[in-house]
Amino acid sequence: MAVPGARARGWVAAARATQRRRRAEGTGGPPRPEPPSQRAALYVHWPYCEKRCSYCNFNKYIPRGVDEAAMRKCLVTEAQTLLRLSGVRRVESVFFGGGTPSLASPHTVAAVLEAVAQAAYLPADSEVTLEANPTSAPGSRLAAFGAAGVNRLSIGLQSLDDAELRLLGRTHSASDALRTLAAARRLFPGRVSVDLMLGLPAQQVGPWLGQLQELLQHCDDHVSLYQLSLERGTALFAQVQQGALPAPDPELAAEMYQRGREALGEAGFRQYEVSNFARNGALSTHNWTYWQCGQYLGVGPGAHGRFIPQGAGGHTREARIQTLEPDNWMKEVMLFGHGTRKRIPLGRLEMLEEVLAMGLRTDIGITHQHWQQFDPQLTLWDVFGASKEVKELLEQGLLLLDHRGLRCSWEGLPVLDSLLLTLLPQLQEAWQQRIPSLVPGG
């Protein structure tokens, strides 16, 4: 662990050196706050897993001998390149996802963090999250990741029922999960998140609530509840299609979700997003960037990003997708410095649609000030204030539109997808009506 520790000290030293340099560029006082176009979160994708879970259709691969030194070099190179192309000068958070990033070496994590800290300002207290699976993250390995610079863990627990874990194709048992969770809490107190799935085939409300209550005896301050989504091409989808497993019951899943929200609320958790619950202020600042439509850079095979490239006039944000297949991605990084496969310019209406759909996932919704950052002319009142359809949703108690902004009520949050079927067309109609005023002579 000596080398990861040295690496972590290298990252902190690089962060402090950058801060000193930035101060020297200014007036000698604290670093000047960066404009939004120069701030971003950073996502790093590790594409490898021990095995493919039966429900998963993410971009992941079962390795037959990974050249980790080559992968590490490419992750570092792409991170440096995208920081340069984006003009980002401050990285707010780093998230190592996958795949199973806890299969990567702590040296790789440390190398990426040090490269980021040298290329931009990465504050020493920035949130640095690593996704970990219980079977690939014993306590000693978690400690090594901590020495490498990780300060928050997201543990893919998924279930506390061994039969359900086998159904999901997980490689760990419930006792493995609780053992890893206990070690993680000792090493990262207050900064450990766990995932629990609901809506599995044949799953019943009572036993699932029992799992949640057991988890509440062991968990830290962040819990995510995710409903199973049957994805075409997965083993679980095929089993349901062939009749080997019953299809998940959506009404039971809805009841689990509602009862789960209530249990977490009683345990002191704030539901700050559709699937995410935190107490003692332990929100994920990285994911909050996504829901607030902040900029983020996606590094690694298949990673997604949203940022304004330097030289684009400071106006057009792009959605970027990196090349999916790791070997091809590495070849492109070695040739071009990055493996971006798709670049999709986002128009102003598309940005507002994202602001609406993402912001309403949170408990604060969309404030008037936040909306105006993306459109200073077209207000929330302009878009939704006179709509009869929206008025009905307000009267039903599903939405709130007031001096704070637009947000879902407690009753509205579980049915957000259906609310967006009304809200998105309303936004599109308001946008079309304002176009003539934007055209000279119109």
Side-chain angles (χ1 to χ4, degrees), residues 35-41 43 85-88 273-274 287-298 303-321 340-362 364-394 398-408 412-413 415-442:
S37 63
Q38 294 181 8
R39 300 196 302 265
Y43 173 80
L85 290 176
S86 64
V88 165
E273 191 268 344
V274 170
N287 288 338
W288 194 257
T289 296
Y290 296 157
W291 300 318
Q292 292 291 291
C293 286
Q295 290 197 123
Y296 56 97
L297 311 182
H304 289 232
R306 293 279 195 283
F307 64 86
I308 300 172
Q310 213 169 28
H315 300 297
T316 305
R317 184 182 294 206
E318 290 184 351
R320 290 196 172 210
I321 305 174
T340 304
R341 179 58 56 93
K342 288 185 181 179
R343 296 175 58 182
I344 307 163
L346 298 175
R348 290 173 65 188
L349 175 57
E350 290 172 295
M351 275 302 309
L352 291 177
E353 290 171 341
E354 283 197 3
V355 171
L356 181 68
M358 298 299 283
L360 287 180
R361 294 184 64 86
T362 69
I364 67 168
I366 307 156
T367 66
H368 294 290
Q369 295 84 351
H370 182 66
W371 181 267
Q372 287 177 338
Q373 290 177 20
F374 295 89
D375 195 317
Q377 282 81 42
L378 193 66
T379 70
L380 288 170
W381 292 113
D382 294 335
V383 178
F384 303 111
S387 165
K388 285 194 293 186
E389 293 86 353
V390 173
K391 186 178 179 182
E392 288 179 8
L393 297 176
L394 297 170
L398 299 174
L399 276 180
L400 298 164
L401 176 61
D402 55 23
H403 65 282
R404 287 168 52 188
L406 179 69
R407 61 196 179 280
C408 291
L413 205 56
V415 293
L416 172 59
D417 287 350
S418 65
L419 301 184
L420 289 172
L421 295 177
T422 296
L423 296 173
L424 285 169
Q426 191 64 44
L427 170 59
Q428 293 155 4
E429 182 180 337
W431 180 265
Q432 291 297 324
Q433 290 174 353
R434 62 111 41 119
I435 286 178
S437 67
L438 298 178
V439 179

Please output the side-chain donor-acceptor pairs of residues 354-362 that fall under 3.5 Å, not counting sequence neighbours, one pair per line with the distance.
unit_1 : atom_1 : unit_2 : atom_2 : d
Glu354 : OE2    : Arg306 : NE     : 3.1
Glu354 : OE2    : Arg306 : NH2    : 3.0
Arg361 : NE     : Glu273 : OE2    : 2.6
Arg361 : NH2    : Glu273 : OE2    : 2.7
Thr362 : OG1    : Gly359 : O      : 2.8
Thr362 : OG1    : Gly365 : N      : 3.1

Original post:
Does the pair Leu427 and Leu423 meet the rule for a side-chain contact (heavy atoms from CB on, under 4.5 Å), with working shown?
Top reply: CA-CA 6 Å; Leu427 170 59; Leu423 296 173; over 6 Å; no
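The heavy-atom pair separating Trp431 from Asp375 by the smallest distance is CZ3-OD2, 3.5 Å. Summarising the geometry of Gly298 relative to Ala303, their closest heavy-atom pair is C-CB, 3.5 Å, with the distance given to 0.1 Å. Here the closest non-hydrogen pair linking Arg317 and Gly294 is NH1-O, 3.3 Å. Residues Arg343 and Pro309 approach most closely at NH2-CG, 4.2 Å, considering heavy atoms.
Every residue two or more places apart in sequence or in another chain that forms a side chain to side chain contact (heavy atoms under 4.5 Å, CB included) with Ile321 is listed here: His304, Lys342. Residues that satisfy the side chain to side chain contact (heavy atoms under 4.5 Å, CB included) test with Arg404, not counting sequence neighbours, are Asp402, Arg407. With sequence neighbours excluded, no residue forms a side-chain hydrogen bond (donor to acceptor under 3.5 Å, both in side chains) with Gln372. Scored by the ring pair (Phe, Tyr, Trp, His ring centres under 6.0 Å) test, Tyr296 finds Tyr290 as partners (sequence neighbours excluded). Checked against side-chain hydrogen bond (donor to acceptor under 3.5 Å, both in side chains), Thr422 has no partners two or more places apart in sequence or in another chain. Residues satisfying the side chain to side chain contact (heavy atoms under 4.5 Å, CB included) test with Thr289, not counting sequence neighbours, are Ala41. Residues satisfying the side chain to side chain contact (heavy atoms under 4.5 Å, CB included) criterion with Ile344, sequence neighbours excluded, are Ala319. Scanning for ring pair (Phe, Tyr, Trp, His ring centres under 6.0 Å) contacts around Phe384 gives an empty result, with sequence neighbours left out. Looking at residues two or more places apart in sequence or on another chain, you find a ring pair (Phe, Tyr, Trp, His ring centres under 6.0 Å) between His368 and Trp381. By the side-chain hydrogen bond (donor to acceptor under 3.5 Å, both in side chains) test, Glu392 pairs with no residue at all, sequence neighbours left out. Under the side-chain hydrogen bond (donor to acceptor under 3.5 Å, both in side chains) criterion, Asp417 pairs with no residue at all, not counting sequence neighbours.
Side chains of Ser86 and Ile308 form no contact here, defined as non-hydrogen atoms less than 4.5 Å apart. When side chains are defined from C-beta on, Ile366 does not count as touching Phe374, because their heavy atoms never get closer than 4.5 Å. With contacts defined as side-chain heavy-atom distances shorter than 4.5 Å, the pair Cys408/Leu419 qualifies. Arg320 has its side chain within reach of Leu85: a pair of non-hydrogen atoms, C-beta onward, lies under 4.5 Å apart.
Rounding to the nearest 0.5 Å gives a distance of 9.0 Å between CD of Glu318 and OG1 of Thr340. One finds the CG atom of Asn287 at 12.0 Å from the CD atom of Gln292 (value rounded to the nearest 0.5 Å). In this structure, CG on Leu424 lies 13.0 Å from CD on Glu429, to the nearest 0.5 angstrom. The line from CG of Leu352 to CG of Leu346 is 11.0 Å long, rounded to the nearest 0.5 Å. From Arg348, atom CZ reaches atom CD of Glu353 across 13.5 Å, with rounding to the nearest 0.5 Å. We find the CD-CD distance between Gln428 and Glu350 to be 10.5 Å, quoted to the nearest 0.5 Å.
Gln295 and Gln38 share no side-chain donor-acceptor pair at under 3.5 Å.
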